[in-house]
Amino acid sequence: MTVRTRIAPSPTGDPHVGTAYIALFNWCFARAHGGQFLLRIEDTDRARSTPESEGAIMDALRWLGLQWDEGPDVGGAVGPYRQSERSALYVRFAEQLVEEGKAFRCYRTAQELEALRVARRKAGNSVALKPSDLHLDDAEVQRRKVAGQPCVIRMQVPEDAGYCVIEDMLRGTIKLDWTMVDAQILLKSDGMPTYHLANVVDDHLMGISHVLRGEEWINSAPKHKLLYEYLGWDMPQLCHLPLLRNPDKSKLSKRKNPTGVFYYQRMGYLPEALVNYLGRMGWSMPDEREKFSLAEMLAEFDIQRVSLGGPVFDVEKLSWLNGLWMRDSLEADELADRLVDWAYNRDNLMRVLPHVRQRMQTLSDFAPLTAFLVAGELPLTESQFDDLNQERDVILRSLQFTLWRLEAQVDWTRDSLFAELKHLADALDLKLKAFLAPLFIAIAGSTASFSVVDAMALLGPDMSRARIRRAIEVLGGVSKKAAKRLERKYRTLHVD
RNA sequence: GACCCCAUCGUCUAGUCAGGUCCAGGACGUCAGGUUUUCAUCCUGAAAACAGGGGUUCGAAUCCCCUUGGGGUCGCCA
């Protein structure tokens with residue numbers, strides 16, 4: 001049997017290091033067994049998927065050296081590799097399941113579903129909605145159908161207690177309770193499939209032999225197993241990898257940490273070092289060496305060497321490793337090339353120049369004016385904020401509100417950033433200048449700089465957020481209690 | 001809360017599947033020294049862990065059970 005694995009990211013935002021992590025193991029597993037590694041774009045969430053994000057994900061994986069054998073850009077025998085282009089397929093299988101009585105149409109409204117869940121929660125334990133919970137009598141179904149109400153297709157699931165047995169390559173036998181499994185939506189009312197249907201259909205049609213994915217999927221494995229049975233297909237081998245963690249051990253999230261691959265690129269990490277570091281998360285070389293290339297990892301790869309404790313993403317160790325790569329594995333001329341590629345290239349200069357031209361009298365003014373753009377962490381001190389003549393609480397509030405607002409920001413352009421910040425300043429009844437002052441220091445290290453929204457646009461979301469977080473820290477941070485108070489106030493502003 | 005996963009130094013881990021060679025080894029970080037005109041690099045050293053309790057066994061970090069702790073899932077997101 002040919003080993004075929006895939007990475008199936010959803011193009012809804014910045015490429016995530018977790019995606020790169022899972023991709024790395026899929027890449028290694030496929031290559032180590034002489035198989036293929038595919039890229040499939042799961043863009044079935046029409047509200048959130050963007051072509052920019054898709055492009056960024058491909059750039060990020062390629063940057064790390066995780067090239068795929070088949071994918072939307074390189075093609076392949078079992079394409080298309082973008083789920084939005086395969087919708088007819090999912091509809092067909094969903095209809096087939098309905099005809100065979102293995103799925104059913106559901107006209108329940110969002111409000112009804114919510115009420116049902118509340119009722120179930122109140123009554124007992126599991127909130128999984130079963131086919132019988134969702135049932136409407138024929139007359140009501142007819143009425144809703146005629147009224148043109150939207151409907152979804154849901155899968156039939158066992159209603160009685162009992163266990164579903166899943167075999168995991170690393171964890172062995174896992175028994176999951178059928179009572180926890182709900183009548184999963186397979187086809188959304190917009191005609192697009194959910195992950196569960198699309199993933200089963202595509203994995204089968206694309207000949208995927210092994211599914212290496214995050215631990216977060218364990219609980220939905222019974223649905224997938226059932227779907228394979230319904231469709232009469234063999235299920236691929238499952239392997240659930242541990243989740244990358246924040247220092248507080250929770251699942252790695254952008255709310256607490258920079259999670260974007262490009263943040264690390266911007267911070268000046270080498271792709272060799274980042275992929276090396278990811279390879280050390282939950283995995284080790286037989287001789288325990290810390291520094292290894294992708295090729296070396298591949299040569300020694302054995303999925304059984306994955307350890308299951310969720311590894312904390314430790315930037316300090318990544319930095320040390322990156323230093324090793326820069327010192328030991330790059331000649332001076334290679335390093336020079338890296339620096340040029342990284343920041344000191346013509347495109348980048350052209351991007352930055354419009355913002356600083358007017359402020360320059362000599363060429364030498366350029367470096368100090370723009371140093372903050374290529375810096376990693378700014379050397380901030382508390383006293384820099386003293387000159388603002390604002391109460392510390394006011395400064396912290398401005399920064400915290402800005403951070404919260406920016407965590408929700410999707411459209412990262414100067415104009416929309418400006419609009420959001422202006423809106424916040426107005427809501428707080430602060431002059432824009434006063435509101436922005438602390439942000440200038442957080443982002444550029446000084447109030448004497450070019451437009452802070454332009455700077456944020458150039459720095460990107462992760463870096464901007466990281467700097468604001470850092471400034472809040474330098475100012476002594478926001479206590480849990482204070483955060484609660486601020487959050488209450490923030491909500492009254494209605495800025496989201 | 002229910003269900004599932006997990007559990008070795010602060011962090012990443014080796015050792016666990018095939019129990020003894022482990023009063024637990026390496027790495028990051030920390031601390032103390034040394035090399036270097038400073039800093040960094042580099043070198044040497046130190047502190048630092050088998051979550052707890054029961055079993056099984058001549059013998060348990062390793063196998064079993066319970067407890068505790070952490071995490072995940074419970075969406076017309078993936």
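The stretch residues 249-278 of chain A comes close to RNA chain B through A:Lys249, A:Ser250, A:Lys251, each having a heavy atom under 4.0 Å from the strand. Residues from residues 8-19 of chain A with heavy atoms under 4.0 angstrom of RNA chain B, sorted by number: A:Ser10. A heavy-atom distance below 4.0 Å to RNA chain B is reached by these residues of residues 299-314 of chain A, ordered by number: A:Arg305, A:Ser307, A:Leu308, A:Gly309, A:Gly310, A:Pro311, A:Val312, A:Asp314. RNA chain B lies under 4.0 Å from at least one heavy atom of each of the following residues of residues 200-218 of chain A: A:Glu215, A:Glu216, A:Trp217, A:Ile218. Residues from residues 318-339 of chain A lying near RNA chain B, meaning a heavy-atom separation below 4.0 Å, are A:Trp320, A:Arg327 in numerical order.
For A:Arg171 and A:Glu215, the salt-bridge test passes: some basic side-chain N is under 4.0 Å from an acidic carboxylate O. No salt bridge links A:Asp182 with A:Arg120; every basic N to acidic carboxylate O contact stays at or beyond 4.0 Å. For the pair A:Lys317 and A:Glu290, the salt-bridge criterion is met [side-chain N within less than 4.0 Å of a carboxylate O]. A salt bridge does not link A:Glu95 to A:Arg92: none of the charged side-chain nitrogens sits closer than 4.0 Å to a carboxylate oxygen. Note on A:Lys130 versus A:Asp160: no salt bridge recorded, every NZ/NE/NH1/NH2 to OD/OE distance being 4.0 Å or above. We find that A:Glu70 and A:Arg4 are joined by a salt bridge, their nearest charged nitrogen and carboxylate oxygen being less than 4.0 Å apart. A salt bridge is defined here as a Lys NZ or Arg NE, NH1 or NH2 lying under 4.0 Å from an Asp or Glu carboxylate O, and A:Glu140 with A:Arg143 meets this definition.
Listed for the A:Thr19 side chain is no donor-acceptor partner under 3.5 Å among the backbone atoms of A:Pro9. A:Asn257 places no side-chain N or O within 3.5 Å of a backbone atom of A:Leu252 that could act as its donor or acceptor partner. The backbone N or O of A:Ile185 sits less than 3.5 Å from a side-chain atom of A:Thr194, completing a donor-acceptor pair.
For A:Arg48, whose side chain is taken as the heavy atoms from C-beta onward, the closest listed nucleotide among B:U13, B:C77, B:C76 is B:C77. The side chain of A:Met180 has B:C3 as its nearest neighbour among B:G26, B:C3, B:C76. The listed nucleotides are B:C5, B:C4, B:C12; the one nearest the side chain of A:Tyr163 is B:C4.
Within the nucleic acid shown, A:Glu42 comes within 4.0 Å of sugar-phosphate atoms alone, with no base atom in reach, counting heavy atoms only. At a threshold of 4.0 angstrom between heavy atoms, the contacts of A:Glu316 are confined to the sugar-phosphate backbone, with no base atom among them. At the heavy-atom level, A:Thr44 lies under 4.0 Å from the strands shown only through sugar-phosphate atoms. Within the 4.0 angstrom heavy-atom criterion, only backbone atoms of the sugar-phosphate kind lie near A:Leu176; the bases stay farther away. In this structure, A:Met192 reaches neither bases nor backbone, as no heavy-atom distance under 4.0 Å exists between it and the strands shown.
Base pairing of B:C50: no nucleotide in any strand meets the Watson-Crick or G-U wobble criterion (both distances under 3.5 Å). For B:U37, there is no paired nucleotide, since no Watson-Crick or G-U wobble pair has both relevant distances below 3.5 Å. Applying the Watson-Crick and G-U wobble criteria (two distances, each under 3.5 Å), B:U56 pairs with nothing in any strand. Across all strands shown, B:U44 forms a Watson-Crick or G-U wobble pair, both distances under 3.5 Å, with B:A32.
Ring geometry for A:His33 against A:Phe29 counts as tilted: the plane angle lies between 30° and 60°, on a 0 to 90° scale. Ring-plane geometry between A:Phe262 and A:Trp63 is classed as tilted, the angle between the planes lying from 30 to 60 degrees on a 0 to 90 degree scale. Between A:Trp233 and A:His204, the two ring planes are parallel [angle under 30°; tilted spans 30° to 60°].
Nucleotides B:A61 and B:C42, compared at atom P, are 36 Å apart to the nearest Å. Taking atom P on both nucleotides, B:A51 is separated from B:U62 by 8 Å, rounded to a whole Å.
Residues A:Tyr195 and A:Asp45 bring no donor and acceptor atom of their side chains to less than 3.5 Å of each other.
No option in A:Met169, A:Met235, A:Arg6 other than A:Arg6 meets the side-chain contact (heavy atoms from CB on, under 4.5 Å) test with A:Val211.
The distance between atom CG of A:Leu170 and atom P of B:G72, rounded to the nearest whole Å, is 19 Å. Here B:G29 presents its P atom at 11 Å from CD of A:Glu290, a figure rounded to the nearest Å.
Within the structure, ring pair (Phe, Tyr, Trp, His ring centres under 6.0 Å) contacts touching residues 305-330 of chain A (residues at least two apart or in different chains) are A:Tyr264-A:Phe313, A:Tyr277-A:Phe313.
Pairing each heavy atom of A:Ala128 with each of A:Met180, the nearest pair is CB-O, 3.4 Å.
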